[in-house]
2 protein chains.
Amino acid sequence: MERLLLRIDREIIAAGGKRSKSRAAVMERFFRAGDHVTVDELTRAVRKTFPRVGTVTVYRTLKLLARMGYANEVDFGEGARRYESNLDSHHDHLVCTACGTVIEFKDPDIEKLQDLVTRRHGFRPTAHRLEIFGLCRKCADRSAGRRQG
Amino acid sequence: MERLLLRIDREIIAAGGKRSKSRAAVMERFFRAGDHVTVDELTRAVRKTFPRVGTVTVYRTLKLLARMGYANEVDFGEGARRYESNLDSHHDHLVCTACGTVIEFKDPDIEKLQDLVTRRHGFRPTAHRLEIFGLCRKCADRSAGRRQG
DNA sequence: CCAGAAATTGAAATTCACTTTCATGTTATC
DNA sequence: GATAACATGAAAGTGAATTTCAATTTCTGG
Ligand SMILES: [Mn+2]
Ligand SMILES: [Mn+2]
Ligand SMILES: [Zn+2]
Ligand SMILES: [Zn+2]
């Protein structure tokens with residue numbers, strides 16, 4: 001983690017950038033924070049320790065991390081996009097429309113079938129996203145309980 | 001098609017609405033148009049025959065059709081959402097990032113595997129979307145050709 | 001330590017898709 | 001055709017995201 005931040009910093013400098021406290025604070029919080037965070041959420045979190053950090057810097061830092069491959073933009077159709085760290089391998093999402101919980105999953109079989117589909121259409125895939133919306137276990141149980149009294 | 005429009009009109013009236021020329025024009029164009037159309041695109045198309053139709057009416061009509069189940073909102077992350085008619089059964093999309101072509105596909109095996117995933121997590125699915133981004137056959141060929149001279 | 005050059009910051013302005021408002025026009029009903 | 005309800009569209013309003021720009025910070029190297 002400390003390692004990661006150093007590595008990213010070095011990469012930024014190698015590309016002609018300079019270090020900065022605000023950006024460092026944003027990055028640290030981002031990689032510590034639970035994933036799938038909005039710019040607004042992250043800004044509030046960062047400001048607990050660095051109250052003067054502007055929203056713009058959070059926008060810029062997350063865009064930068066995404067460009068460098070350390071973060072992913074995701075969009076669950078809520079109106080604001082979310083970011084997740086891109087340190088571990090690809091996964092897809094179950095999104096609870098009641099409580100907002102996001103469950104990550106990997107399914108190699110689905111991925112294989114996706115490859116077949118694209119091949120069948122002469123399509124050369126570069127990225128994909130699979131999102132399943134519905135009720136997480138907790139919310140499903142709750143609504144079932146309510147239904148039965 | 002004429003049938004469809006009549007049916008929708010009847011449904012609107014049954015719900016306390018009234019007929020309207022603008023809305024009729026939008027609906028007709030929408031169901032004739034190729035799918036995956038933006039509000040802006042559809043507005044321009046409608047205005048070829050009804051120049052006075054406002055963007056707002058297109059927004060409202062598409063929202064209405066979506067609420068009534070005759071249209072779907074889709075979002076390929078371009079900044080503006082798209083609409084498609086919802087007359088035939090569910091499908092997913094291959095989206096060419098070079099030319100914008102959208103290929104629709106159905107894969108029951110993938111859907112089955114999705115069901116397994118959700119079951120494994122005690123998740124009750126209500127909707128999902130699977131989008132694969134990349135190059136369509138044409139664009140893939142073109143870029144391959146360029147690479148080889 | 002001290003310029004000076006270049007990158008970074010954040011407040012404010014801007015953009016853009018989309019929604020809301022509201023005065024006016026249309027449609028249905030009696 | 002009078003009346004009430006609905007639909008329309010121009011204009012104003014929202015809200016997320018981006019751009020602008022003057023001020024600040026970081027780095028270099030004398
Ligand atoms: Mn994730
Ligand atoms: Mn489609
Ligand atoms: Zn839930
Ligand atoms: Zn293409």
Side-chain angles (χ1 to χ4, degrees), chain A residues 5-6 8-30 36-47 49-68 71-83, chain B residues 5-6 8-30 36-47 49-68 71-83:
Chain A
L5 296 181
L6 281 175
I8 295 178
D9 253 13
R10 243 179 274 130
E11 206 170 315
I12 290 177
I13 288 161
K18 295 181 178 175
R19 260 171 270 269
S20 114
K21 314 226 164 178
S22 294
R23 192 170 55 204
V26 173
M27 293 199 300
E28 155 139 23
R29 267 292 186 182
F30 173 64
H36 317 117
V37 81
T38 65
V39 167
D40 208 59
E41 287 166 2
L42 187 57
T43 303
R44 269 199 288 276
V46 173
R47 281 184 177 159
T49 36
F50 292 77
R52 316 197 48 70
V53 170
T55 324
V56 196
T57 297
V58 181
Y59 271 106
R60 283 195 275 235
T61 302
L62 290 177
K63 262 261 139 68
L64 178 64
L65 288 175
R67 242 182 294 134
M68 300 189 351
N72 275 330
E73 297 187 353
V74 296
D75 183 352
F76 300 145
E78 306 159 297
R81 49 172 177 257
R82 292 180 177 276
Y83 286 85
Chain B
L5 295 180
L6 282 174
I8 296 178
D9 252 15
R10 245 179 271 128
E11 207 169 314
I12 290 176
I13 287 161
K18 295 182 176 175
R19 260 171 271 269
S20 114
K21 315 226 164 177
S22 295
R23 190 170 55 205
V26 174
M27 293 199 301
E28 154 139 24
R29 268 290 186 182
F30 173 65
H36 316 118
V37 82
T38 65
V39 167
D40 207 59
E41 288 166 2
L42 187 56
T43 303
R44 270 198 288 275
V46 172
R47 281 184 176 159
T49 36
F50 292 78
R52 315 197 49 70
V53 170
T55 323
V56 198
T57 298
V58 181
Y59 271 106
R60 282 195 277 236
T61 303
L62 290 177
K63 262 259 139 67
L64 178 65
L65 288 176
R67 242 182 293 134
M68 299 188 355
N72 275 329
E73 298 186 355
V74 296
D75 182 352
F76 299 145
E78 306 159 296
R81 50 173 177 257
R82 293 180 176 276
Y83 285 86

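By convention in this document, chain letters (A, B, ...) are assigned in the order of the sequence lines, proteins followed by strands, and residues within each chain are numbered from 1.
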Hey, are the side chains of [X] and [Y] touching, using non-hydrogen atoms and a 4.5 Å cut-off?
X	Y	answer
A/Tyr83	A/Glu41	no
B/Arg10	B/Ile13	no
A/Phe30	A/Leu65	yes

Per the atom types in the model, does the base of C/dA28 pair as donor or acceptor with the side chain of B/Lys18 at under 3.5 Å?
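For B/Lys18, whose side chain was compared with the base of C/dA28, there is no donor-acceptor pair (under 3.5 Å).
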Mapping B/Arg82 and A/Val56 to their closest nucleotides on DNA chain C, which lands nearer the 5' end?
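The residue whose closest nucleotide sits nearer the 5' end is A/Val56.
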Grab the [atom1]-[atom2] distance between [X] and [N] for me, whole Å please.
X	N	atom1	atom2	answer
B/Arg67	C/dT19	CZ	P	10 Å
A/Arg52	D/dT24	CZ	P	11 Å
A/Asp9	C/dA7	CG	P	16 Å
A/Glu41	D/dG15	CD	P	17 Å
B/Asp40	C/dC18	CG	C1'	12 Å
B/Tyr59	C/dC16	OH	P	13 Å
A/Ile13	D/dT25	CD1	P	18 Å
B/Leu64	C/dC18	CG	P	17 Å

For a quick check of understanding: with a heavy-atom distance under 4.0 Å over all strands, which category does [X] fall into, base, sugar-phosphate or nothing?
X	value
B/Arg60	base
B/Arg23	sugar-phosphate
B/Val53	sugar-phosphate

Taking the side chain from B/Arg23 and the backbone from B/Lys18, do they hold a donor-acceptor pair closer than 3.5 Å?
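Here the side-chain-to-backbone pair exists.
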Measuring to OP1 and OP2 of [N], would you say a side-chain N or O of [X] lies under 4.0 angstrom away?
X	N	result
B/Thr55	D/dG9	no
A/Arg19	D/dT25	no
B/Lys21	D/dA7	no
A/Arg81	D/dT18	yes
A/Ser22	C/dG10	yes

Is there a side-chain contact (heavy atoms from CB on, under 4.5 Å) between A/Met27 and A/Asp9 once you walk through the steps?
CA-CA 10 Å; A/Met27 293 199 300; A/Asp9 253 13; 3.8 Å; yes
Which sits closer to the 5' end of DNA chain D, B/Ser20 or A/Gly17, going by the nucleotide each is nearest to?
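Of the two residues, B/Ser20 wins.
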